[in-house]
Q: 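Got a structure here, written out as structure tokens. Questions coming.
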Amino acid sequence: MQLVLGIIIGILLTIGTAFVLDSGRSPVCPAGGIGCPIVNWDEADTRFHHAKEGVESAWHRLVHS
């Protein structure tokens, strides 16, 4: 249980750190430019919503089958 909680906390800390570090940077910059964001947040948002829809769809099929 401690391992699972440690992994979850580690993931959340990593995402939180990247978000804080990216908060003062411009959202668009040339590839490899200095001051570019660490994470492409638009792509992360798209992938998150796609994964969320997949989980919701699987849950719906599981519950209603």
Q: R47 and side-chain contact (heavy atoms from CB on, under 4.5 Å): which single residue from H49, E43, H50 fits?
A: E43
Q: Hey, does the side chain of S57 reach the backbone of E53 with a donor-acceptor pair shorter than 3.5 angstrom?
A: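 A pair under 3.5 Å: no.
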Q: Can you tell me how far OG1 of T17 sits from CG of D22, rounded to the nearest 0.5 angstrom?
A: 10.5 Å
Q: Measure the CD1-CG distance between I7 and L12 for me, rounded to the nearest 0.5 Å.
A: 12.0 Å
Q: With clusters defined by side-chain heavy atoms of hydrophobic residues (ILVMFWY) lying less than 4.5 Å apart, directly or transitively, does I11 cluster with V39?
A: yes
Q: Shared ILVMFWY cluster between F48 and I15, side chains joined below 4.5 angstrom?
A: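 No, no single cluster joins them.
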